[in-house]
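Note that the structure is a prediction, hence the values are computed from the model and not measured. Order of the sequence lines fixes the chain letters, A, B, ..., with proteins taken first and strands second; residue numbering starts at 1 for each chain.
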There are 2 protein chains.
Amino acid sequence: MKIKCCKTNLLAVQDTMDILKGRWKVQIIAALCYDKMRFSDLQKEIEGISAKMLSSELKDLEINQLVTRTVLSTQPITVEYQLTDYGQTLKKIIEHLAEWGVEHRKKIIGKVIEN
Amino acid sequence: MKIKCCKTNLLAVQDTMDILKGRWKVQIIAALCYDKMRFSDLQKEIEGISAKMLSSELKDLEINQLVTRTVLSTQPITVEYQLTDYGQTLKKIIEHLAEWGVEHRKKIIGKVIEN
DNA sequence: CCGCATCCCGATAGATACTG
DNA sequence: CAGTATCTATCGGGATGCGG
């Protein structure tokens, strides 16, 4: 598909960003990319996130049908989150973001060494 | 490059998102993807952005070496912005975001029609 | 273990007016 | 035309405590 530079595409980009907005959503999706995870494991995996934010961000993602929430009748209760098929369609984007981030960090480190 | 689900990659993703964060940066880059543009044209192209935001977001992008700023000695003065080669490396990501946004909108519209 | 409720603060960004 | 300055409203998100 050919993307042209016009308002339609600016809006399309914005639609996507609206769903991924906030400090944590992309990281949550990235963490779920390769496996379902429990709430507490997600919180360990994602450095610095509070339970409140994890909970509310997951709810947003659930509303947008990117993740499913499964309550397990363990004692005490545990909850598993997992990407939906639809959520999986974001995987490629996440991978690109990660690759770019890695390259960017290299570039920054290179600069630091130069000086 | 193989991306694994580990903290390193969550951080890499976050590095990228930090650079693209805020309501407007991605749209600005998208607008500049296929041509350099003047300040006023950018403001027309990007629905709803104020001069203040456009100015400060462009400054951030310039600091991160994603765009260049060129003052033309016209009367009155005009300023052109254009993606750097480094900024161009974000083009693929933007395209993916746009494609996903288009698909997502289709999905949403489908839902609306269903109900 | 999971997650909601409340309180609170700093960052973000909109409106408006002004300048070289 | 391309910004800057100021003022304000809003929002993200941290801390803490409670409840199922």
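Between the CD1 atom of A/I28 and the P atom of C/dC2 there is a distance of 14 Å, given to the nearest Å. Rounded to whole Å, atom P of D/dA2 lies 10 Å from atom CG of B/L54. In this entry the distance linking CZ of A/F39 with C1' of C/dC1 reads 9 Å, nearest Å. Between B/M37 atom CE and D/dC1 atom C1' the separation is 15 Å, expressed in whole Å. Protein atom CG of B/D60 is 15 Å distant from nucleotide atom C1' of D/dG3, rounded to whole Å. In this structure, the CD atom of A/Q43 is 14 Å from the C1' atom of C/dC4, given to the nearest Å. Taking atom CD1 of B/I49 as the reference point, atom P of C/dT16 lies 17 Å away to the nearest angstrom. Protein atom CG of B/L42 is 12 Å distant from nucleotide atom C1' of D/dA2, rounded to whole Å.
Between A/F39 and A/Y81, the ring planes are tilted. Angles from 30° to 60° get that label.
Checking the phosphate oxygens (OP1, OP2) of D/dG3, a side-chain nitrogen or oxygen of B/Y81 falls inside 4.0 Å. Listed pair B/R69 / D/dG3 meets the phosphate criterion, a side-chain N or O lying under 4.0 Å from OP1 or OP2. Distances shorter than 4.0 Å separate none of the side-chain N or O atoms of B/S56 from OP1 or OP2 on C/dA13. Between C/dC2 and A/S40, a contact under 4.0 Å exists linking OP1 or OP2 to a side-chain N or O.
Only one option out of A/K107, A/E103, A/H104 pairs with B/Y86 in a side chain to side chain donor-acceptor pair (under 3.5 Å); it is A/H104. Exactly one of A/K91, A/Q88, A/E95 qualifies for a side-chain contact (heavy atoms from CB on, under 4.5 Å) with A/C33. That residue is A/K91.
The shortest distance between side-chain heavy atoms of B/M17 and A/L97 falls below 4.5 Å. The closest side-chain heavy-atom distance from B/L32 to B/L61 is not below 4.5 Å.
Distance from the side chain of A/P76 is smallest for C/dC1 among the nucleotides C/dC1, C/dC4, D/dA2.
Environment of CD in B/E47: sparse, with no more than 12 heavy atoms of neighbouring residues, nucleotides or ligands closer than 6.0 Å.
Nearest heavy atoms, A/A98 versus B/V13: CB-CG2, 3.6 Å.
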Kindly give the atom pairs (protein nitrogen or oxygen, nucleotide nitrogen or oxygen) under 3.5 Å for nucleotides 5-13 of chain D.
unit_1: D/dG13; atom_1: OP1; unit_2: A/R23; atom_2: N; d: 2.8

